[in-house]
2 protein chains.
Amino acid sequence: MHLPSINGKLEIRMTFGTGVAMEMGDEVFDAIEMEIAIFMRRAEAVRLAGLSGIELDRSAYLLLRYLERKGPVGIKALADELQLDISTASRQTAALESKGYVERMADPQDARVSLLRITDGVPAMLTEVRRSRKEFYAKLLNEWPEEDCRKLGELLGKFNRTAEQRQRRRG
Amino acid sequence: MHLPSINGKLEIRMTFGTGVAMEMGDEVFDAIEMEIAIFMRRAEAVRLAGLSGIELDRSAYLLLRYLERKGPVGIKALADELQLDISTASRQTAALESKGYVERMADPQDARVSLLRITDGVPAMLTEVRRSRKEFYAKLLNEWPEEDCRKLGELLGKFNRTAEQRQRRRG
DNA sequence: ATGTTAAGGTTGTATCATGCAACCGATGAT
DNA sequence: ATCATCGGTTGCATGATACAACCTTAACAT
């Protein structure tokens with residue numbers, strides 16, 4: 001795999017079957033089960049190691065990133081999107097507000113909600129944090145072939161999408 | 001993607017390049033960075049959802065699993081292996097001891113250490129937990145092609161090995 | 001219009017995983 | 001012998017999270 005061919009790579013893959021998961025080897029899930037458990041601890045360690053110079057933990061990061069993309073929204077919408085308990089979202093928001101990363105504005109349509117909006121410096125900060133994290137992973141994986149990096153990102157994404165979808169269907 | 005073709009799937013992909021990691025596209029790490037952040041939250045949610053009937057959280061699971069494989073060891077060795085602070089390992093061990101999953105025995109060679117050993121029922125319990133987790137993932141990923149499942153396990157493992165190695169080199 | 005139900009948020013309380021620092025007793029090296 | 005080191009425990013702190021009780025405001029039904 002990953003032969004250093006000079007000019008290009010041609011990959012042909014064929015899968016036969018119904019297309020729907022036939023019975024899949026159990027060993028496949030042995031690995032997934034174990035590696036996910038380990039991965040979690042690993043990633044936790046990374047978190048504590050303080051990935052970026054800027055102090056911005058995972059949850060805050062995801063929260064701000066969402067506000068950046070989806071404009072001012074209320075806590076409920078935020079919590080739904082991030083699949084967090086409202087109380088958790090509320091506290092996290094409060095923390096970010098006290099740090100000056102988030103502002104509240106009354107919703108003219110509904111006096112119950114207070115819309116959340118990121119403050120001016122935040123987008124630049126997010127960019128920096130993102131850069132720093134990417135650099136971290138780029139260093140960590142600097143000996144991996146590009147294809148594996150790409151595939152890892154892709155499969156994690158796919159996993160996340162699958163899990164989100166399932167959780168919504170139930171929750 | 002994943003079209004329900006009747007007889008099979010033929011996929012052709014071509015990539016040009018040297019094959020060896022030149023400067024790797026930055027986008028690759030965009031995805032990794034983001035998806036890992038999300039993955040962590042996802043997996044956290046899974047934890048809280050109570051994966052298995054048996055109450056055994058991730059840390060306890062990894063700890064017991066290690067003791068199962070590596071026989072009686074002291075807290076320090078355990079902490080080193082799991083890359084945990086000794087205090088954390090100490091507390092987790094205490095918790096497991098109080099639940100009767102772990103016993104201590106004095107080390108004849110060194111009165112400071114107390115060797116940890118899993119109790120009789122534990123292996124069966126671990127097997128059951130493992131089965132239950134695997135089932136969970138198998139259900140979650142039941143629409144994935146087997147190849148993707150396999151690859152996900154493989155890459156997570158590779159990631160974990162890489163991260164472990166790096167951390168040891170420094171820590 | 002008015003009273004009941006629902007929805008958006010906040011706050012108290014609890015749990016879990018984790019680390020650092022202070023400490024204790026046993027070891028070992030000089 | 002003594003003093004640094006090592007294994008381990010415990011106090012304190014933090015962060016992420018949930019559930020439940022509560023408050024305020026909105027929506028709806030009669």
Side-chain angles (χ1 to χ4, degrees), chain A residues 37-51 55-64 72-99 102-116 167 171, chain B residues 37-51 55-64 72-99 102-116 167 171:
Chain A
I38 296 174
F39 185 83
M40 296 280 301
R41 281 249 28 260
R42 260 288 58 74
E44 193 68 10
V46 163
R47 175 174 79 76
L48 294 162
L51 243 184
E55 192 44 63
L56 196 57
D57 46 59
R58 186 177 80 244
S59 36
Y61 176 58
L62 291 173
L63 199 158
L64 291 176
V73 292
I75 301 260
K76 179 63 177 359
L78 191 63
D80 282 354
E81 178 63 23
L82 302 181
Q83 294 180 211
L84 281 173
D85 191 88
I86 294 191
S87 68
T88 303
S90 173
R91 279 180 230 277
Q92 279 179 6
T93 303
L96 290 174
E97 193 186 6
S98 81
K99 282 181 191 159
V102 161
E103 283 171 348
R104 288 164 194 266
M105 33 186 283
D107 182 338
Q109 264 73 54
D110 187 336
R112 288 173 302 181
V113 331
S114 52
L115 295 173
L116 307 172
Q167 186 162 325
Chain B
I38 296 174
F39 186 83
M40 297 279 300
R41 281 253 22 263
R42 263 282 64 71
E44 193 67 10
V46 163
R47 175 176 76 79
L48 293 162
L51 246 184
E55 193 45 63
L56 196 57
D57 47 58
R58 188 177 77 244
S59 35
Y61 176 58
L62 290 173
L63 199 157
L64 292 176
V73 292
I75 301 261
K76 178 65 177 357
L78 189 64
D80 282 353
E81 177 64 24
L82 302 181
Q83 294 181 215
L84 281 174
D85 191 88
I86 293 190
S87 67
T88 303
S90 172
R91 279 181 231 278
Q92 279 178 5
T93 303
L96 291 173
E97 192 186 6
S98 82
K99 282 180 191 157
V102 161
E103 284 171 348
R104 289 164 194 266
M105 35 187 280
D107 182 338
Q109 265 70 56
D110 186 337
R112 288 172 303 181
V113 329
S114 51
L115 295 172
L116 307 172
Q167 186 163 323

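Excluded from the calculations below are hydrogen atoms, water molecules and symmetry mates; all remaining heavy atoms, backbone and side chain alike, are included. Numbers restart at 1 for each chain; the letters A, B, ... are given by sequence-line order, proteins then strands.
Partners of A:Thr93 under the side chain to side chain donor-acceptor pair (under 3.5 Å) rule, at least two apart in sequence or in another chain, do not exist in this structure. The side chain to side chain donor-acceptor pair (under 3.5 Å) test applied to A:Asp85 returns A:Ser87, not counting sequence neighbours. The salt bridge (Lys or Arg N to Asp or Glu O under 4.0 Å) search around A:Asp107 returns none, not counting sequence neighbours. Under the side-chain contact (heavy atoms from CB on, under 4.5 Å) criterion, A:Ser114 pairs with A:Arg104, not counting sequence neighbours.
The interatomic distance linking B:Leu96 (CG) with D:dT9 (P) rounds to 13 Å, in whole Å. Atom-to-atom, CZ of A:Arg58 to P of D:dT14 comes out at 19 Å; the value is rounded to the nearest Å. Look at CG on A:Leu84: it is 14 Å from P on C:dG9, rounded to the nearest Å. Between A:Asp85 atom CG and D:dA21 atom C1' the separation is 13 Å, expressed in whole Å. The NZ atom of A:Lys76 sits 14 Å away from the P atom of C:dT10 (whole-angstrom rounding). Look at CD on B:Gln92: it is 9 Å from C1' on C:dC16, rounded to the nearest Å. D:dG15 atom C1' lies 12 Å from atom CZ of A:Arg91, rounded to whole Å. As rounded to whole Å, 15 Å separates atom C1' of D:dT17 from atom CD1 of A:Ile75.
Note: A:Asp80 CG to A:Ile86 CD1 = 7.0 Å, rounded to the nearest 0.5 Å. The structure places CD1 of B:Ile75 at 10.0 Å from CD of B:Gln92, a figure rounded to the nearest 0.5 Å. One distance of note links OG of B:Ser59 with CG of B:Leu84; it measures 8.0 Å at 0.5 Å rounding.
If you check distances only, the side chain of B:Arg112 never reaches the base of D:dT9 with a donor-acceptor pair under 3.5 Å.
Minimum heavy-atom separation, B:Leu96 to B:Leu63: CD1-CD2, 3.8 Å. Between A:Leu62 and B:Arg41 the shortest heavy-atom distance is CD1-CG, 3.5 Å.
At a non-hydrogen distance threshold of 4.0 Å, A:Asp110, A:Ala111 from residues 103-111 of chain A come into contact with DNA chain D.
A sub-4.0 Å separation between OP1 or OP2 of D:dA18 and a side-chain N or O of A:Thr88 is present. For C:dG9, the OP1/OP2 oxygens have no side-chain nitrogen or oxygen of A:Ser90 closer than 4.0 Å. Of the side-chain N and O atoms in A:Ser87, none sit less than 4.0 angstrom from OP1 or OP2 of C:dT10.
Nearest-nucleotide positions on DNA chain D for A:Ala60 and B:Ile86 put B:Ile86 closer to the 5' end.
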Atom pairs, N/O to N/O, protein against nucleotides 1-3 of chain C, distance under 3.5 Å?
none

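The side chain of B:Ser59 has C:dA17 as its nearest neighbour among D:dA18, C:dA17, C:dT10.
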